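Let me begin by presenting the structure, written as structure tokens, before commenting on it.
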Amino acid sequence: MRIEYDIKLGFKDVMIRPKRSTLKSRSEVSLDREFKFLHSPISWEGIPIMAANMDTVGTFEMAKVLSSKKLFTAIHKHYALDDWNLFLAHLPEHAENYIAVSTGISKHDSNKLAKIFEIHPQLQFICIDVANGYSEHFVHFVKRTREQYPEKVIIAGNVVTGEMVEELLLAGADIVKVGIGPGSVCTTRVKTGVGYPQLSAIIECADAAHGLGGQIISDGGCASPGDIAKAFGAGADFVMLGGMLAGHDESGGEIIEKNGKPFRKFYGMSSSTAMEKHVGGVAEYRASEGKTVEVPYKGSVENTLQDILGGLRSTCTYVGASRLKELTKRTTFIRVNEQENQVYSS
């Protein structure tokens with residue numbers, strides 16, 4: 001046993017210090033990024049914000065809206081092959097650049113992934129997703145997937161430390177997903193005592209990834225557009241959102257009425273709700289590590305996207321970054337004890 005005494009920080013612990021800027025308007029800011037990848041020959045261009053691969057967020061309906069704006073969706077892994085066939089039959093040209101096929105690491109998952117790519121070879125992104133990316137079995141699965149799909153872009157996670165980012169990149173991942181426990185419907189930190197404050201995880205993992213020519217996704221912990229800006233400022237290449245994109249028309253999830261007001265069900269993918277829905281219940285050797293909540297219905301996701309992208313452009317103008325790519329270099333974080341005046345908070 002040992003203790004690390006240097007403080008690790010989350011989004012609530014910092015704010016971004018403003019800097020002199022030559023920008024006249026938010027409209028001058030470009031949020032587009034272009035990426036080349038460590039292993040795959042594919043290049044990508046778009047706005048690097050992702051819908052999480054949860055079945056109450058990463059839906060086909062969400063992908064249709066986000067891809068039209070050059071934002072990304074990691075499609076959840078529970079769609080059947082017939083669902084994929086129907087979705088892709090009606091997808092506009094180039095939209096495949098903005099979706100990933102998610103998979104677990106079981107034999108069934110691997111076989112299903114192979115069938116999807118056999119029928120739809122134009123798909124380019126694979127998201128290999130497990131809660132604990134530290135297992136040897138996971139690393140071996142990433143290696144085998146790279147051998148099987150040498151041209152595809154492979155996203156793998158989740159981890160929170162630099163050495164594991166490096167191991168996954170060397171095993172064949174192009175992008176590593178970073179985050180253990182920060183999500184709004186994740187209870188891993190409470191159930192296990194394991195985790196890492198998200199801002200510090202991004203800083204450490206981005207440094208490791210960029211040293212090898214890879215990228216990272218900050219996955220979880222963003223409750224506002226300002227948190228997304230902090231994630232990019234800390235060095236994240238992509239930011240993945242769950243709760244912020246839940247509750248919309250496009251999100252999926254059961255609709256519930258309470259006191260005459262509509263809500264949509266939103267739950268973690270390790271929750272008892274998700275496990276009962278997809279695998280028949282919580283196995284006797286494990287515990288649920290997710291919450292089930294009811295999110296107030298938010299209407300179309302278009303309004304939320306405008307709020308997110310507008311907030312991010314505003315961040316860039318405050319620090320003088322004309323492009324999102326410049327935000328990290330223009331970011332100085334200051335430690336704080338408060339974020340906002342909550343006198344009129346409901």
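Everything numeric in this text was worked out from a predicted model, so none of it was measured.
When side chains are defined from C-beta on, Tyr149 counts as touching Leu113, because their heavy atoms get closer than 4.5 Å. Using a 4.5 Å cut-off on side-chain heavy atoms (C-beta onward), Leu91 and Tyr98 make no contact. In this structure, Ile116 and Leu81 have side chains that are in contact, with non-hydrogen atoms separated by less than 4.5 Å. Counting only heavy atoms from C-beta outward, the side chains of Ile7 and Arg335 approach each other to under 4.5 Å. Contact of the Val295 side chain with the Ser251 side chain is not registered, since no non-hydrogen atoms from C-beta on lie closer than 4.5 Å. With contacts defined as side-chain heavy-atom distances shorter than 4.5 Å, the pair Leu168/Val139 qualifies. By the 4.5 Å heavy-atom criterion applied to side chains, Asp13 and Phe333 are not counted as neighbours. Residues Tyr196 and Ile180 form no side-chain contact, since every pair of their non-hydrogen atoms from C-beta on lies 4.5 Å or further apart.
Taking hydrophobic clusters as Ile, Leu, Val, Met, Phe, Trp and Tyr residues chained together by side-chain heavy-atom distances below 4.5 Å, Ile228 shares a cluster with Leu71. In the hydrophobic clustering of ILVMFWY residues, with side-chain heavy atoms under 4.5 Å counting as a link, Ile126 and Ile99 come out together. Residues Val101 and Val153 do not share a hydrophobic cluster, clusters being chains of Ile/Leu/Val/Met/Phe/Trp/Tyr side chains in contact below 4.5 Å.
Between Glu302 and Lys69, at least one side-chain N (NZ, or NE/NH1/NH2) sits under 4.0 Å from a carboxylate O, which counts as a salt bridge. Asp55 and Lys265 are not joined by a salt bridge, as no carboxylate oxygen comes within less than 4.0 angstrom of a charged side-chain nitrogen. A salt bridge links Glu45 with Lys70: at least one charged nitrogen is closer than 4.0 Å to a carboxylate oxygen. Classification of Asp109 and Lys107 as a salt-bridged pair fails, no side-chain N sitting under 4.0 Å from a carboxylate O.
Side-chain contact annotation: Lys19 with Thr332, donor-acceptor N/O pair under 3.5 Å present. Asn303 and His248 form no side-chain donor-acceptor contact under 3.5 Å, judged by distance and modelled atom types alone. At a cut-off of 3.5 Å, with distance as the only test, a side-chain donor of Ser322 or Glu326 sits close to an acceptor on the other residue.
The minimum heavy-atom distance between Ala52 and Gly242, with the atom names listed, is CB-CA, 4.1 Å.
Under a 3.5 Å cut-off, the side chain of His140 and the backbone N or O of Ser135 do not form any donor-acceptor pair. Side-chain N or O atoms of Thr59 include one that pairs as donor or acceptor with a backbone N or O of Met62 at under 3.5 Å.
Using a 30° and 60° split on the angle between ring planes, Tyr79 and His76 fall in the parallel class, below 30°.
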Give the intermediate values and the outcome of side-chain hydrogen bond (donor to acceptor under 3.5 Å, both in side chains) for residues Ser314 and Arg26.
CA-CA 6 Å; Ser314 191; Arg26 293 171 180 82; 3.2 Å; yes
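Taking the six-membered ring for Trp and the full ring otherwise, Phe125 and Phe72 have centroids separated by under 6.0 Å.
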